[in-house]
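For clarity, every value in this text was computed on a predicted model and none was experimentally measured. What you see below is based on every heavy atom in this structure, not just the backbone, and it leaves out hydrogens, waters and symmetry mates.
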Amino acid sequence: MCNKIVDLSVSRRTLMKGGAAAAAVAAAPAIHNWAFAEQIQKLEKEGWTKHPVACTMCGAYCGILAMRKEGEPISEKTVRIFPNPGHPQRGYCGRSAAAMWVWNHPLRLRKPLKRIGEKGEGQFKEVTWEEALNDIAARLKDIVQKNGESSVVSTSHSFQGFAKWLTFPLGSPNNIGHQSSCNAAGISGRHLVFGKGYDGAGKLEPDYANLRYILLIGRSMGAAMGALHTLNEARARGAKVVSIDPRMPDMAYGDAEWVPIRPATDTALVSGLINEMLAQGTADLAFIEKHTNGAYLIKENGAPLTQADLLSNGSKSLYVVTDGKGNLAFRGVKKDDKGVAVGFDEDPSFRADLNANISVKLADGTECPVKTAFVLIKEELAKFTPEKTEEITGIPAAKIRLIAKEFANFKGVIDDGWYSAKNGTDVQLYQLICIANAFNGNIDVKGGLVVTAGAALKIPSVAAGKGPNGETWKMAPEKRIDKIIYPDAEGTFKVALEAAVTGKPYPIKAAFFVGTTMFQREANSQELADNLKKLELCVVQDVLPQEIVDYADYVLPATYFLERKEMSTVKWALNGSIYLSDPQIEPPKGCEARHDVWILLEILRRAFPERAERVGYKECKTAEEFNKYFDAFTQRGFDQFLDNCDKAKPGWKAQIQEDIATKGWSTITKKVYGIYPYKKPFGTPSGKLEIYSFKLFSDPGFLKSFTPFPVYKPSPAYTAPKPNSNEFVLVSGKNCNSCSGLNMFTEPTRYLGDRTVWMNIDDAARLGIKDQEIVEIEGLDTKVKATAPVTVTRKVIPGSVFAFGFSGGIRTKNLINPEYQFVKEGINTHWYATGYAEPMFGNVANNSSVRINKVRG
Ligand SMILES: Nc1nc2c(c(=O)[nH]1)N[C@H]1C(S)=C(S)[C@@H](COP(=O)(O)OP(=O)(O)OC[C@H]3O[C@@H](n4cnc5c(=O)[nH]c(N)nc54)[C@H](O)[C@@H]3O)O[C@H]1N2
Ligand SMILES: Nc1nc2c(c(=O)[nH]1)N[C@H]1C(S)=C(S)[C@@H](COP(=O)(O)OP(=O)(O)OC[C@H]3O[C@@H](n4cnc5c(=O)[nH]c(N)nc54)[C@H](O)[C@@H]3O)O[C@H]1N2
Ligand code: SF4
Ligand SMILES: [Mo]
């Protein structure tokens with residue numbers, strides 16, 4: 001179906017339509033496209049066909065193309081991976097390029113495996129699907145009958161949330177994601193500032209293509225290619241990129257400026273930047289007054305003053321501002337019948353005084369001193385002079401002044417982050433980053449931090465108590481287990497494994513790991529290994545033998561993204577688009593890998609057939625039968641979507657169908673700037689962008705550990721290393737060629753993967769350590785000791801050492817073919833991380849502290 005995906009003449013015409021300026025703007029990034037386009041066209045002439053693919057070599061879902069040599073059996077030689085040139089989140093990196101290295105990998109899981117040795121030993125025998133599924137189902141049934149549905153948990157990276165197809169129809173609420181190790185802190189930080197509905201991954205994004213200046217704080221961009229390709233459009237126009245990171249990111253080889261920072265001190269830096277903007281008079285005070293809650297009056301106890309405080313029958317959701325001339329006014333949100341905030345309830349002509357510091361008479365007649373949130377924030381920030389900020393962060397005061405100046409002058413944006421599980425103070429950091437963007441007044445405007453347009457494609461799926469065909473059922477009464485300990489958790493899976501040991505808050509007996517390495521994902525590997533051993537039933541579905549398989553009772557071979565069809569919305573793009581991923585590739589001969597959802601539903605059907613019917617599932621023997629069942633949901637969702645579009649704009653349906661057939665994607669909604677919070681409220685209690693979080697007053701639990709305006713704290717997650725000693729903070733991150741679970745065993749990674757520990761040249765000189773010398777790395781908190789080679793470099797700040805995630809220290813036993821021993825080299829940074837999780841939000845810190853000991857001489 002996808003024979004003519006990229007009509008380059010069309011992209012060129014579109015490009016020229018915008019006139020010479022637009023052509024010049026697009027020219028630079030288009031160069032890469034043309035280079036690939038030539039090769040793609042050449043292959044097409046030779047009879048190759050194009051198949052659009054959403055890549056999940058990492059979790060980013062970029063648009064790539066699989067080129068297939070028609071009429072020949074599938075192999076690494078007859079399938080080649082390219083970027084999908086015009087795609088709104090155009091992918092291609094070292095990992096996607098390696099996608100076919102996974103397909104028929106010598107280590108690929110080909111048959112179901114049953115454990116025969118002790119847990120952790122990695123001793124297995126091959127069994128049939130029948131034997132594996134029946135035995136798992138029998139054990140699952142027994143566990144559920146004895147301990148209830150909630151004793152069963154599932155987790156995954158994302159991969160379209162396949163894990164929920166077992167837990168939800170079973171009746172267990174415990175489908176718990178990977179977020180505590182990834183982007184949970186960013187979501188929670190955005191939640192505090194922008195509120196519900198505006199906090200999700202990709203919902204707010206820097207306007208990468210159009211920005212003039214971007215500060216990347218702990219965001220390498222070398223990881224997420226789609227966003228990087230979009231940012232390159234702005235770079236081609238001369239946008240300035242500044243990276244604040246303890247290690248030099250790859251972008252700094254190009255035009256990006258690297259400003260090294262001490263780990264875990266970013267909150268101090270951002271505080272210093274805002275303070276400096278206030279000092280330089282560049283903070284956008286008009287924006288703060290109108291569109292944030294900065295002018296709202298706050299009582300002495302820190303809570304917002306409301307109409308209910310002033311009038312006996314006043315509203316608690318109307319906040320109070322003053323004009324500084326003795327007049328008060330109320331501000332709140334207008335809600336529709338369903339309680340959805342649709343506008344603001346305020347007098348638009350009332351100019352509030354941001355600097356008010358007054359006394360008001362309460363309904364009970366008492367006088368109450370109040371200050372604006374802005375005044376409180378200014379008082380808090382005053383300590384962060386550039387000099388003080390230099391002391392904490394290690395960034396020279398002059399550089400801080402310059403960054404503050406450029407950020408304001410360019411009307412720049414600070415990236416709201418992605419991988420954010422670093423130091424256990426991350427929620428406040430991301431909250432503060434969002435606030436700093438507000439101080440620059442660049443919210444939802446071109447080149448700022450914007451609400452992405454999104455496309456409303458809904459593929460029918462399973463949810464807690466709800467099936468894809470409108471089925472409903474009663475779920476087990478227990479709350480999702482991580483939410484009991486961390487009420488605002490996005491997904492803190494470690495709680496489930498702790499409960500497997502302690503039985504608290506309730507016992508967990510069975511776990512299904514559906515496409516997640518666990519050992520490369522979660523902090524504190526020793527604890528992870530110990531806890532995994534306590535599970536009564538541990539099932540792993542994967543493509544390759546990750547370390548987690550050693551702890552599994554059963555290892556089940558799954559298909560991966562090149563072997564299945566799916567349709568969804570493009571994840572990280574300004575405009576709202578949908579994509580089809582349809583590589584039309586089957587697993588290699590002799591590989592019995594099956595679709596994850598088939599595996600899960602077959603287990604459920606064999607244990608509880610009536611529960612499998614909750615999602616309309618009856619036995620599917622063959623992959624074809626299953627695809628028919630599963631693809632029908634995609635088709636139904638797509639058909640409904642097309643009908644809705646056609647109703648909105650007759651003829652649109654045909655256009656979308658044509659786009660999907662020729663390119664694999666279609667743009668549905670174009671970003672309109674200037675809506676939030678100018679015309680429509682955000683999801684916060686005040687509807688404004690909250691630079692002072694009112695949400696935190698909703699639960700006393702928050703106020704025990706957090707302040708409404710973020711305050712810098714050193715990391716509580718690990719023992720601080722002694723300065724100028726052999727102790728260091730160990731930080732981690734990713735790159736564009738090697739780090740990811742699927743990629744780490746591939747042949748390119750053997751040569752491109754960096755499994756060393758980076759140490760600054762001055763530290764190395766002090767300790768007498770030479771480049772590539774093997775050293776011992778000992779955890780200050782976990783006491784774990786291991787050896788690895790050191791790269792002596794200027795690419796990491798003194799006092800910190802750096803190692804790539806997903807690159808080394810993979811201790812999988814037995815399943816490793818001698819050729820792939822390289823995956824064991826180096827360290828896994830999670831050996832050293834304590835597993836500290838932030839209260840209430842539950843995001844985990846992956847950074848740690850270590851002692852580096854010389855092994856020789
Ligand atoms: N290679 C690779 N790329 C991926 C993925 C993958 O698995 N592998 N997965 C995707 C996913 S799931 C995600 S979340 C995105 C992540 O995309 P990014 O967030 O851009 O990726 P990272 O490389 O993890 O960037 C984290 C950076 O933070 C730095 N850092 C660590 N501690 C601190 C600190 O205390 N302060 C500061 N300022 N910096 C610090 C690290 O040195 C690192 O450079 O990438 C996507 N792309
Ligand atoms: N030290 C360090 N730790 C980190 C990070 C870091 O930068 N440094 N990054 C953190 C981040 S941002 C994240 S998101 C997590 C990610 O941690 P993981 O969830 O472990 O991430 P992935 O690399 O996506 O692992 C995917 C796993 O699923 C398998 N797989 C791929 N496709 C499929 C499929 O279709 N079906 C099935 N069943 N299996 C499949 C792969 O072989 C691999 O084992 O790690 C976090 N941990
Ligand atoms: S960043 Fe690379 S590996 Fe990740 S989805 Fe995009 S193309 Fe694939
Ligand atoms: Mo992530």
Side-chain angles (χ1 to χ4, degrees), residues 109-116 124-156 159 161-175 461-462 464-469 471 473-476 508-515 535-542 549 552-559 564 587 591-633:
L109 297 169
R110 285 161 205 270
K111 297 218 156 75
L113 302 173
K114 180 180 180 167
R115 180 168 60 80
I116 48 171
F124 296 95
K125 66 166 185 181
E126 285 185 0
V127 292
T128 62
W129 272 111
E130 275 306 298
E131 185 182 340
L133 296 173
N134 284 337
D135 190 33
I136 296 168
R139 293 164 71 173
L140 177 70
K141 191 167 178 177
D142 186 50
I143 287 171
V144 169
Q145 280 165 353
K146 287 193 185 130
N147 305 282
E149 288 82 358
S150 300
S151 67
V152 180
V153 293
S154 62
T155 189
S156 64
F159 310 117
F162 291 153
K164 67 186 175 209
W165 285 87
L166 173 75
T167 20
F168 287 160
L170 177 69
S172 166
N174 288 320
N175 173 52
S461 185
V462 64
K466 273 194 212 139
N469 309 300
E471 304 91 338
W473 61 89
K474 230 174 132 198
M475 298 286 288
I508 294 296
K509 301 287 181 189
F512 288 78
F513 298 94
V514 185
L535 288 168
E536 279 179 22
L537 176 63
C538 174
V539 177
V540 171
Q541 297 177 198
D542 209 302
V549 307
D553 295 297
Y554 279 97
V555 181
L556 305 176
T559 53
R564 60 178 176 247
C591 173
E592 296 177 13
R594 298 295 298 263
H595 194 293
D596 284 302
V597 178
W598 176 83
I599 302 173
L600 295 165
L601 286 177
E602 269 303 308
I603 293 168
L604 184 63
R605 184 188 68 80
R606 286 157 202 252
F608 303 100
E610 72 292 350
R611 300 193 197 190
E613 285 191 32
R614 286 170 171 174
V615 292
Y617 181 78
K618 295 207 175 81
E619 183 175 15
C620 294
K621 284 209 166 78
T622 63
E624 292 68 38
E625 272 176 73
F626 174 76
N627 289 346
K628 217 167 130 196
Y629 158 80
F630 202 63
D631 291 348
F633 298 130

Nearest heavy-atom approach of Ile143 to Ser151 is CG2-OG, 3.5 Å
Taking the side chain as C-beta and beyond, is there a heavy-atom pair between Leu556 and Val540 under 4.5 Å?
no
List the atom of Tyr554, the atom of Arg139, and the distance in Å for their closest heavy-atom pair.
CE1-NH1, 3.9 Å
Ionic contact status for Glu619 with Lys621, cut-off 4.0 Å:
yes
Pairwise side-chain contact, Lys114 with Glu131, heavy-atom cut-off 4.5 Å (strictly under):
yes
Kindly compute the distance separating CD1 (Ile508) from OG (Ser150), expressed to the nearest 0.5 Å.
7.0 Å
Taking every non-hydrogen atom, the tightest pair across Pro169 and Lys164:
CD-O, 3.3 Å
Pair Val539, Asp553 - check side chain to side chain contact (heavy atoms under 4.5 Å, CB included), show working.
CA-CA 6 Å; Val539 177; Asp553 295 297; 5.8 Å; no
Check each of Phe630, Phe512, Tyr617 against Trp165 using the ring pair (Phe, Tyr, Trp, His ring centres under 6.0 Å) test, and report the only one that passes.
Phe630
So, taking the atom named CD1 in Ile603 and the one named CG in Asn134, what distance separates them when rounded to the nearest 0.5 Å?
10.5 Å
Taking every non-hydrogen atom, the tightest pair across Ala511 and Leu535:
CB-CD1, 3.6 Å
Interatomic spacing from CG in Leu601 to CZ in Phe162 - rounded to 0.5 Å:
11.0 Å
Is the closest side-chain donor-acceptor distance between Thr167 and Ser154 under 3.5 Å?
yes
Run the salt-bridge test on Arg606 and Glu130 with the 4.0 Å N-O cut-off and return the result as yes or no.
yes
With rounding to the nearest 0.5 Å, note down the distance linking CD in Glu592 to NZ in Lys111.
4.5 Å
Do Thr155 and Val514 have side chains that get closer than 4.5 Å, going by heavy atoms?
no
Cys620 side chain near Trp598 side chain, heavy-atom distance below 4.5 Å:
yes
Salt bridge or not between Glu602 and Arg605? Use side-chain N to carboxylate O under 4.0 Å.
yes
Hey, mind stepping through Lys474 and Glu149 against salt bridge (charged side-chain N to carboxylate O under 4.0 Å, His left out) and telling me if it holds?
CA-CA 11 Å; Lys474 230 174 132 198; Glu149 288 82 358; over 6 Å; no
At what distance, to the nearest 0.5 angstrom, does CG of Asn174 lie from CG of Leu166?
11.5 Å
N/O donor-acceptor pair under 3.5 Å between Trp473 side chain and Gly467 backbone:
no
Nearest atoms (heavy-atom pairs only) where Met475 meets Phe168
SD-O, 3.6 Å
Could you check whether the rings of His595 and Phe626 sit parallel, tilted or perpendicular, using 30° and 60° as the cut-offs?
tilted
List the steps and the verdict of side chain to side chain contact (heavy atoms under 4.5 Å, CB included) for Gln541 and Val555.
CA-CA 6 Å; Gln541 297 177 198; Val555 181; over 6 Å; no
Heavy-atom closest pair, residues Leu600 and Ala163
CD1-CA, 4.0 Å
How long is the straight-line distance from CG of Asp596 back to CG of Asp542, given to the nearest 0.5 Å?
8.5 Å
Evaluate Phe513 against Ser156 for side chain to side chain contact (heavy atoms under 4.5 Å, CB included), listing each step before the verdict.
CA-CA 6 Å; Phe513 298 94; Ser156 64; over 6 Å; no
Leu113 vs Val127, side chain to side chain contact (heavy atoms under 4.5 Å, CB included): CA-CA, chis, key distance, verdict
CA-CA 6 Å; Leu113 302 173; Val127 292; over 6 Å; no
